[in-house]
S.K.: 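Dropping the structure in here first, questions after.
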There are 2 protein chains.
Amino acid sequence: MAVRERPVSGGLAPREETLGSPPNVNRADCPSRGVLEHVTSRWAVLILAALRQRSYRFSELRRQVGGVSEKMLAQTLQTLERDGFIHRDAKPVIPPRVDYSLTPIGHEVAEQVWTLTRWVEGKLDHVLGAREAYDGARET
Amino acid sequence: MAVRERPVSGGLAPREETLGSPPNVNRADCPSRGVLEHVTSRWAVLILAALRQRSYRFSELRRQVGGVSEKMLAQTLQTLERDGFIHRDAKPVIPPRVDYSLTPIGHEVAEQVWTLTRWVEGKLDHVLGAREAYDGARET
DNA sequence: CCGTATCCCTGCCGATACTG
DNA sequence: CAGTATCGGCAGGGATACGG
């Protein structure tokens with residue numbers, strides 16, 4: 001997966017054309033920045049991770065992801081659906097039933113953010129210890 | 001504003017370790033939530049990814065990460081340092097020189113977010129195509 | 001049950017100016 | 001060079017009410 005490491009200069013883009021240049025999150029004006037922010041947004045990470053193993057209905061998902069409001073759940077799901085990470089299946093029944101699942105590409109990214117969440121959970125004690133050391137050294 | 005308190009089961013079968021609940025990002029009140037948000041925050045992702053291969057000075061880092069303000073760079077670096085992901089090395093020279101590098105644990109997380117950024121860059125075209133399809137189906 | 005629409009307030013973040 | 005201090009806009013996102 002050899003990736004081209006370019007001498008990227010960030011915000012102050014010189015005279016380079018943006019048409020032929022490859023996507024680069026380090027550039028402020030690259031659309032990949034937006035996609036990255038969608039995926040790493042507060043609720044998207046948890047939603048993607050939750051959907052990793054099976055599909056969920058709206059209210060199921062809301063229970064699964066602690067603390068998310070209806071508004072933010074709906075909004076985040078829409079964004080992820082628009083970007084092609086989530087598939088929305090609305091059954092025309094009464095009462096309404098809507099199932100959310102991952103697309104193939106959504107599953108790829110979900111695996112990554114899920115790994116990250118598990119890693120963070122595992123390192124939590126380590127991090128909390130580091131914080132105490134940091135705060136301790138700061139007080140006199 | 002009290003967060004709605006529900007017996008969030010987290011979906012996963014509870015472990016047998018009843019000595020305090022293990023870290024779970026799905027719980028609104030779990031400290032791991034905060035750590036995850038630090039790591040996945042807008043600038044932290046890019047900063048961690050940038051530091052993956054070598055250390056950077058403050059202004060180098062600012063040039064590397066396009067669009068970041070001095071304030072947000074300093075703020076994010078402090079947060080990541082406090083959580084133990086970044087090491088700050090201030091040399092007592094004139095003019096001042098401060099090098100930022102990853103700690104061992106920082107390197108672990110940096111690899112993950114870096115992989116994610118590269119993945120997003122690679123899938124950008126796919127995502128942009130999905131957006132067009134989505135927006136196209138919406139207008140009629 | 002599954003959302004959308006509205007209000008509105010918090011705090012994020014950019015801009016600017018200043019210090020060691 | 002490497003930050004801190006302060007102000008202010010504006011958008012994220014919570015609460016609530018309402019529609020399909």
Side-chain angles (χ1 to χ4, degrees), chain A residues 10-12 27-29 33-47 50-51 55-82 86-101 134 138, chain B residues 1-6 8 28-29 33-34 36-47 50-51 55-82 86-101 134 138:
Chain A
L12 295 81
R27 301 193 79 118
D29 58 348
R33 198 56 94 74
V35 178
L36 183 64
E37 281 163 15
H38 289 171
V39 163
T40 60
S41 74
R42 183 177 183 190
W43 300 114
V45 174
L46 302 174
I47 291 170
L51 286 171
S55 66
Y56 281 96
R57 302 179 58 181
F58 186 83
S59 49
E60 276 182 321
L61 211 41
R62 185 149 144 69
R63 277 187 294 275
Q64 188 71 194
V65 179
V68 68
S69 65
E70 285 191 3
K71 176 185 174 181
M72 289 314 298
L73 180 57
Q75 193 175 107
T76 306
L77 283 170
Q78 273 191 14
T79 302
L80 293 175
E81 186 197 0
R82 192 171 104 100
I86 278 184
H87 174 66
R88 181 176 184 275
D89 184 20
K91 312 264 171 86
V93 297
I94 297 181
R97 178 193 179 95
V98 184
D99 287 315
Y100 292 94
S101 58
Y134 182 91
R138 211 120 282 260
Chain B
M1 61 165 63
V3 173
R4 170 168 336 219
E5 203 37 57
R6 308 222 51 158
V8 175
D29 58 347
R33 201 56 95 73
L36 183 64
E37 280 161 16
H38 290 170
V39 162
T40 61
S41 74
R42 185 179 181 190
W43 301 114
V45 174
L46 301 175
I47 291 170
L51 286 171
S55 65
Y56 281 95
R57 301 178 58 181
F58 186 83
S59 49
E60 276 181 321
L61 211 43
R62 186 150 144 68
R63 261 173 266 122
Q64 189 72 198
V65 178
V68 67
S69 65
E70 286 191 1
K71 177 184 174 180
M72 288 315 298
L73 181 57
Q75 191 174 106
T76 306
L77 283 170
Q78 273 191 14
T79 302
L80 293 175
E81 187 196 358
R82 192 171 103 101
I86 279 184
H87 173 67
R88 182 176 184 274
D89 184 20
K91 313 262 170 97
V93 297
I94 296 180
R97 179 191 179 95
V98 183
D99 287 315
Y100 292 94
S101 58
Y134 182 91
R138 206 126 286 256

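Letters A, B, ... are given to chains in the order of the sequence lines, protein chains preceding strands, and every chain is numbered from 1. Reckoned from all heavy atoms, side chains included, excluding hydrogens, waters and symmetry mates. Because the structure is predicted, anything quoted here is derived from the model rather than measured.
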S.K.: In whole angstroms, how far is the C1' atom of dG13(D) from the CD atom of Glu37(B)?
M.R.: 12 Å
S.K.: If each of Glu70(B) and Leu77(A) is mapped to the nucleotide of DNA chain C with the nearest heavy atom, which maps nearer the 5' terminus, i.e. the 5' end?
M.R.: Leu77(A)
S.K.: Can you find a side chain N or O atom of Ser69(A) that sits less than 4.0 Å from OP1 or OP2 on dG13(D)?
M.R.: no
S.K.: Taking the side chain of Arg42(B) as its heavy atoms from C-beta onward, which of dG14(C), dG3(D), dA2(D) lies nearest to it?
M.R.: dG14(C)
S.K.: Can you name the nearest heavy-atom pair linking Ile47(B) to Leu73(B), along with the distance?
M.R.: CD1-CD1, 3.6 Å
S.K.: So, does Arg97(A) get its side chain near the phosphate of dC2(C), meaning an N or O under 4.0 Å from OP1 or OP2?
M.R.: no
S.K.: Nearest-Å distance, CH2 (Trp43(B)) to P (dC13(C))?
M.R.: 9 Å
S.K.: What integer distance in Å separates Gln75(A):CD from dA11(D):P?
M.R.: 13 Å
S.K.: Of the candidate nucleotides dT4(D), dC2(C), dA2(D), which contains the atom at the shortest distance from the side chain of Ser59(B)?
M.R.: dA2(D)
S.K.: Measure NZ/Lys71(B) against C1'/dT4(D) and give the value in whole Å, please.
M.R.: 11 Å
S.K.: So what does Gln78(B) touch, heavy atoms closer than 4.0 Å: a base, only the sugar-phosphate, or nothing?
M.R.: sugar-phosphate
S.K.: Which heavy atom in Leu80(A) sits nearest to a heavy atom in His38(A), and how many Å separate them?
M.R.: CD2-O, 4.3 Å
S.K.: Please report, rounded to the nearest Å, how far the C1' atom of dG11(C) is from the NE2 atom of His38(B).
M.R.: 14 Å
S.K.: Could you work out which one of dG3(C), dG14(D), dC1(D) sits closest to the side chain of Tyr100(A)?
M.R.: dG3(C)
S.K.: When you get a sec, tell me which of dG3(D), dA2(D), dG3(C) is the closest nucleotide to the side chain of Pro96(B)?
M.R.: dA2(D)
S.K.: Let me know the distance between CG of Asp89(B) and P of dG3(D), rounded to the nearest Å.
M.R.: 11 Å
S.K.: Whole angstrom is fine here: how far is it from CE in Met72(A) over to C1' in dA5(C)?
M.R.: 15 Å
S.K.: Please give me the minimum heavy-atom distance between Lys91(B) and Asp89(B), naming the atom from each residue.
M.R.: CE-OD2, 3.0 Å
S.K.: Report the C-alpha distance between Leu61(A) and Leu51(A) in whole Å, list the side-chain angles of each, state the deciding distance to 0.1 Å, and finish with yes or no for side-chain contact (heavy atoms from CB on, under 4.5 Å).
M.R.: CA-CA 8 Å; Leu61(A) 211 41; Leu51(A) 286 171; 4.2 Å; yes
S.K.: Please pick, from dA2(D), dT4(D), dG3(C), the nucleotide with the shortest atom-to-atom distance to any side-chain atom of Val98(A).
M.R.: dG3(C)
S.K.: Looking at dC1(D), I'd like to know if its phosphate oxygens (OP1 or OP2) sit under 4.0 Å from a side-chain N or O belonging to Arg62(B).
M.R.: no
S.K.: For Ala50(A) and Tyr56(A), which heavy atoms make the closest approach, and how far apart are they?
M.R.: O-CE1, 3.2 Å
S.K.: Rounded to whole angstroms, how far apart are CG on Leu46(B) and C1' on dC13(C)?
M.R.: 15 Å
